[in-house]
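Residue numbers start from 1 in every chain, and the chains themselves are labelled A, B, ... in the order their sequence lines are given, proteins ahead of strands.
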There are 2 protein chains.
Amino acid sequence: MRVLGVDPGLTRCGVGVVDSRPGRRAAFVDVGVVGSDPGASIDLRLLAVADGLETWMDRHVPDVVAVERVFAQHNRGTVMGTAQVAGIAMLVAARRGVPVAMHTPSEVKAAVTGSGRAGKEQVQHMVARILGLDELPRPADAADALALAVTHLWRPAGALQGGDRHELTPAQRAWAAAEQSARRGSHRGAPTRARG
Amino acid sequence: MRVLGVDPGLTRCGVGVVDSRPGRRAAFVDVGVVGSDPGASIDLRLLAVADGLETWMDRHVPDVVAVERVFAQHNRGTVMGTAQVAGIAMLVAARRGVPVAMHTPSEVKAAVTGSGRAGKEQVQHMVARILGLDELPRPADAADALALAVTHLWRPAGALQGGDRHELTPAQRAWAAAEQSARRGSHRGAPTRARG
């Protein structure tokens with residue numbers, strides 16, 4: 001399975017592609033950034049990002065697109081543009097019939113580091129280690145897109161539906177706990193635990 | 001000039017088309033709602049709205065698309081979906097080379113009623129009167145899309161660049177004041193005046 005991770009942003013939208021290998025191993029395929037000119041009007045910026053994402057879809061033909069879930073409480077100044085880019089990533093995938101998954105920042109941190117409260121640098125180091133990269137993924141923004149793709153590959157299928165939890169690794173258990181916590185949070189309308 | 005107004009929403013996205021006539025008169029063309037199934041996944045909902053907006057663009061070939069500006073502070077629970085639909089409306093227009101304009105709710109209220117604090121019903125009545133409709137536009141949600149289109153037709157061109165302000169009608173002066181207020185608000189990062 002091939003996953004395209006998208007870390008949405010209007011000026012810099014991180015994109016990372018990862019393949020699954022037997023035994024749930026993850027293999028690096030590509031990483032980069034799709035961006036738009038901050039001086040352009042918002043409609044033309046969204047078009048530039050959409051065109052960039054189409055190019056990545058054409059090049060790598062992913063089986064699923066994993067998008068970071070954006071919360072209204074985060075970074076008020078840029079949150080609307082970020083939400084709009086996330087929406088456009090979902091639209092680009094849906095137009096091609098490619099399923100979309102969303103993961104919260106704390107799910108991603110939990111999946112790759114074992115802690116939903118890990119720092120950005122720790123996530124970057126773990127992504128490099130998981131994917132067997134000699135150095136940290138560049139640009140740094142795009143490491144989050146790779147982490148999203150890895151998170152999707154490693155999602156504990158069935159764990160939340162009463163699956164065999166004892167078969168999960170510690171990181172997968174932390175992932176499941178973070179996801180459950182985020183879901184409880186969203187039911188209350190204030191996913192504070194998902195802020196990570 | 002033909003304007004397509006878009007009042008963004010994921011479940012119900014209002015759309016209204018208005019033509020300009022000599023002497024800045026506005027003529028009603030069409031009004032309706034583009035929607036998506038609340039039970040579907042978010043990516044398929046965004047696709048349904050995008051397809052619906054494409055159909056409206058095909059049918060009426062507007063010269064400009066006027067979209068309501070969404071603020072992060074509004075209606076937290078649905079604001080992300082609303083922002084994403086606004087982004088998709090802008091993308092659909094940009095793909096066709098149709099310019100996009102954004103107007104705040106208080107600009108719209110000021111343009112059609114003369115007061116940035118007018119109620120929803122007052123806006124509906126004024127839209128019907130301005131467009132010479134025998135009854136209130138239906139569905140009610142879509143009246144806001146017509147109001148947006150009228151607002152764009154009536155925008156006081158040049159007024160904010162030092163134009164002949166004495167030539168403005170009271171409604172147009174209120175519009176200009178609301179727009180300036182919203183701009184000052186957005187520079188502070190908290191467009192509270194634009195909440196109308």
Heavy-atom side-chain proximity of [X] to [Y] below 4.5 angstrom:
X       : Y       : result
A:Thr78 : A:Leu10 : no
A:Pro62 : A:Met57 : yes
A:Pro38 : A:Arg45 : yes

Checking salt bridge (charged side-chain N to carboxylate O under 4.0 Å, His left out) for the pair B:Arg2/B:Asp63: CA distance, chi angles, key distance, verdict?
-> CA-CA 5 Å; B:Arg2 174 163 290 186; B:Asp63 300 300; over 6 Å; no

Among all residues two or more places apart in sequence or in another chain, which pass the ring-ring contact (aromatic ring centres under 6.0 Å, His included) test with B:His125?
->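 Partners of B:His125 under the ring-ring contact (aromatic ring centres under 6.0 Å, His included) test: none.
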
Among the clusters formed by ILVMFWY side chains lying less than 4.5 Å apart, do B:Val18 and B:Val61 turn up in the same one?
->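 No, no single cluster joins them.
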
Which one of A:Val49, A:Leu44, A:Leu46 has the most heavy-atom pairs closer than 4.5 Å to chain B?
->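 Heavy-atom pair counts peak at A:Leu46.
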
Would you call B:Lys120 and B:Asp144 a salt bridge, taking side-chain N to carboxylate O under 4.0 Å as the test?
->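 Salt bridge: yes.
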
Region of A:Ala50 in contact with chain B, defined by heavy-atom distances below 4.5 Å =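 Both parts, backbone and side chain.
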
Heavy atoms under 4.5 Å from chain B: which residues of residues 83-92 of chain A carry them?
->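 Against chain B, the residues of residues 83-92 of chain A that fall inside the cut-off (heavy atoms, under 4.5 Å) are A:Ala83, A:Gln84, A:Ala86, A:Gly87, A:Ile88, A:Met90, A:Leu91.
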
